[in-house]
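I have placed the structure first, in the form of structure tokens, so that the comments after it can refer back to it.
On a predicted model such as this, the values are computed, not experimentally measured, just so you know.
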Amino acid sequence: MNRKLLRSVREYKRETILTPVFVALEVFMEVLIPLLMAKIIDVGIMNGDIGYIIRIGIVLVALAMVSLFFGAKAGQLGAIAAAGYAKNLRHDIFYKIQDFSFGNIDHFSTPSLVTRLTTDITNVQMAYMFTIRLLARAPIMIVLSWIMTLTINVPIAIMLLIMVPILGGVLIYIAKKAHPHFIQVFDEYDVLNNTVQENVNAARVVKAYVREDHENEKFGKISSIVFKLFTKAEKIVAWNSPIMQFTIYGVVIFMVLIGGEGIIQGTMQTGELTSIIVYALQILMSLMMVTFVFVMIMIAEASTDRIQEVLEEVPEMIDDDNALTEVANGDIDFEHVDFSYSGEGGNLSLKDVNLHIKSGQIVGVIGGTGSAKSTLVQLIPRLYDVTGGCVKVGGIDVRKYNLKALRDQVSMVLQKNVLFTGSIYENIRWGDENASDAEVQRVCKLAQADGFIQEFPGKYDTMIVEGGNNVSGGQKQRLCIARALLKKPKILILDDSTSAVDTKTDALIRQAFREEIPDTTKIIIAQRVSSVEDADVIIVMDNGEINGIGTSEELLKTNEIYREVYESQVKGGADNE
């Protein structure tokens, strides 16, 4: 098992240590049972001593009950230790992901992270439980059973001593041959989970375009790949059973030949031969157990590597010990900012951006698809860090702020709106978990969401299903805006967050912004000119650069991109009326 991952055992160390202790006690009881059975046969039955048989029988039952107790206790403790270990691993991974920046998350796909939190951890959990139980049991059983065999018949003990390492080597070789196929399986699991996730999330689109057959075919292909890889691995592992059975029967035949001759010559008794056969079977079955656990460990090894990748991922953004916790105001400055999603040396998405926004201003951002509008605003709350230059909020480089403090003052409604399972109250309170009902209702009125909420039977207690699929796109956007407003931020960023609402509602939202939160800096990214036309300043983005800055009137005179967009939307719309 991986030592770094074993740190996650933590409070379950006691159960982890006690499990093999109880396993050892169980094995010790089991090893004594064949010896007493031999006594019953060789002494009790051979001499017709019923009293002896009863006495030894009672001892046998007592040993069996004690063995059962130790075995049950070992199973209970092992299950607690393994389940607790898995719980801690999930905790560690999930909490680690919370510290990831968008750049860190980009290193892993969402389905891959889900697989690591579920399938991979389950594999590690099972391997851990088998290790502390079966892998602890097997060596003890093999050693004690062999010692007992040695005390009864030396030639048979020597034969087992030669047979065990040979058989063990063969079984381990088989397990190693299967290992690469198991590794490939988990990579394909990521693809399989991605296919399922895409299909479920885009169920409406799939049905709208009648693409069920295509999706079924895509799922069938990746499912077949997983099936073939598993089949290859299992075909190799399947050799374990026949080899084991052949060895067991061969060993039994040799023992019967040697033991039978000893009985005829009077050097061995019938009960002793019986006990030796039991000991031999215990040794061989324990060896089979070791190889089974070995296969499980190798399967888990691939999962362990994938889990460790997440745990060893270094967060790109770490707060300094002296990080600032107060944001003075909503001033925003971009000073010679370059940014690349690939880091230094990569293609620049933003190039030498210089920008100065005063606290309380309404700023519109407009530009074509791929002009880096979203990239520009994502640098303000440090969803990504600049590649060159610096971004300042309140006159301070954002990298000097405590991340939580900064993001509490920079409220952002992302392009892709997300609501969570829960009531409308619970969703809005993501902005402030201690907000009163009246405060929640107030921001919903500002976001023009109160009207449609009041029409729901449950009003603010109406449950939102996963992803917000029981509300329309425009309703979802207004709920997300309300959630952002509840934070009472110094900077509010709307990344194309009113695209699904009508122009009248859009205007009412902007009017509420101007009247109710005049001191908050408001940045509005939009495709519609009408959404930014009355802004204090409009920024025109083109190919990662600022193409123009000014009011709508100024840009109409000086900026060709803005003028073309304005004329195509405003004049085009007027001609069609």
Side-chain angles (χ1 to χ4, degrees), residues 91-106 313-337 339 350 353-363 374-414 418 420 426-436 439-440 442-443 446 480-495 497 513 516-524:
H91 171 279
D92 294 346
I93 293 175
F94 190 80
Y95 274 60
K96 182 77 174 186
I97 292 171
Q98 304 314 303
D99 292 332
F100 283 178
S101 67
F102 277 22
N104 291 119
I105 293 173
D106 290 344
E313 177 79 3
V314 179
E316 293 181 357
M317 301 174 187
I318 301 175
D319 291 333
D320 293 331
D321 293 335
N322 58 348
L324 302 175
T325 57
E326 294 293 331
V327 178
N329 54 52
D331 288 345
I332 302 170
D333 298 291
F334 281 68
E335 298 180 355
H336 302 288
V337 169
F339 176 75
L350 290 174
V353 173
N354 288 282
L355 179 63
H356 305 284
I357 299 170
K358 294 179 181 179
S359 184
Q361 279 190 317
I362 298 177
V363 180
S374 296
T375 302
L376 179 78
V377 296
Q378 285 176 355
L379 298 180
I380 298 171
R382 282 193 79 194
L383 298 182
Y384 292 96
D385 266 338
V386 298
T387 305
C390 74
V391 177
K392 294 181 179 179
V393 169
I396 305 294
D397 191 324
V398 292
R399 289 169 290 194
K400 294 183 179 179
Y401 284 113
N402 172 275
L403 269 176
K404 184 180 183 302
L406 174 65
R407 289 172 183 171
D408 275 342
Q409 296 303 323
V410 182
S411 203
M412 188 168 185
V413 184
L414 296 169
V418 177
F420 298 87
E426 290 169 339
N427 268 277
I428 303 301
R429 285 195 175 107
W430 272 64
D432 179 1
E433 60 183 355
N434 299 315
S436 66
E439 288 177 301
V440 171
R442 176 180 171 275
V443 294
L446 291 178
C480 290
I481 292 171
R483 182 173 65 191
L485 287 171
L486 192 62
K487 290 179 70 174
K488 302 185 178 92
K490 289 187 169 64
I491 298 170
L492 176 64
I493 301 171
L494 304 183
D495 188 355
S497 303
F513 286 170
E516 298 291 334
I517 49 172
D519 297 329
T520 297
T521 304
K522 298 159 283 285
I523 301 177
I524 302 171

Looking at [X] and [Y], what are the two nearest heavy atoms and their distance?
| X | Y | result |
| --- | --- | --- |
| V353 | L376 | CG1-CD1, 3.9 Å |
| V327 | K490 | O-CE, 3.0 Å |
| A482 | V443 | O-CG2, 3.5 Å |
| P489 | T520 | O-OG1, 3.0 Å |
| K488 | E439 | NZ-OE2, 3.3 Å |
| T387 | F339 | OG1-CA, 3.4 Å |

Approximate separation, where rounding is to 0.5 Å, of [X] [atom1] and [Y] [atom2]:
| X | Y | atom1 | atom2 | value |
| --- | --- | --- | --- | --- |
| Q361 | D331 | CD | CG | 9.0 Å |
| R407 | K487 | CZ | NZ | 9.0 Å |
| K400 | L324 | NZ | CG | 8.0 Å |
| N427 | L486 | CG | CG | 12.0 Å |
| R442 | S436 | CZ | OG | 10.5 Å |
| I524 | D495 | CD1 | CG | 12.0 Å |

Query raised in the report: Is any side-chain heavy atom of R382 closer than 4.5 Å to a side-chain heavy atom of V410?
Result: no

Query raised in the report: Below 4.5 Å, heavy atoms only, C-beta onward: do Q409 and V393 meet side chain to side chain?
Result: no

Report task. Output all residues satisfying side-chain contact (heavy atoms from CB on, under 4.5 Å) with K392, sequence neighbours left out; order by chain, then residue number. Result -> D333, E335, C390

**Report entry** Short side-chain to backbone donor-acceptor contact, Q98 and F94, under 3.5 Å
**Finding:** yes

Query raised in the report: Any sub-3.5 Å donor-acceptor pair from D432's side-chain atoms to N434's backbone N or O?
Result: yes

Query raised in the report: What do the steps show when you test F513 against L494 for side chain to side chain contact (heavy atoms under 4.5 Å, CB included), and what is the final call?
Result: CA-CA 12 Å; F513 286 170; L494 304 183; 3.3 Å; yes

Report task. Going by the side chain to side chain contact (heavy atoms under 4.5 Å, CB included) test, name the single residue among I517, I481, I523, T521 that passes it with L492. Result -> I517

Query raised in the report: Is K96 salt-bridged to D92, going by a charged N under 4.0 Å from an acidic O?
Result: no

**Report entry** Residues F334, I380; criterion side chain to side chain contact (heavy atoms under 4.5 Å, CB included); working and verdict
**Finding:** CA-CA 9 Å; F334 281 68; I380 298 171; 3.9 Å; yes

Requested in this report: Kindly check if the number of other-residue, nucleotide or ligand heavy atoms within 6.0 Å of CD (E326) is above 12?
Outcome: no

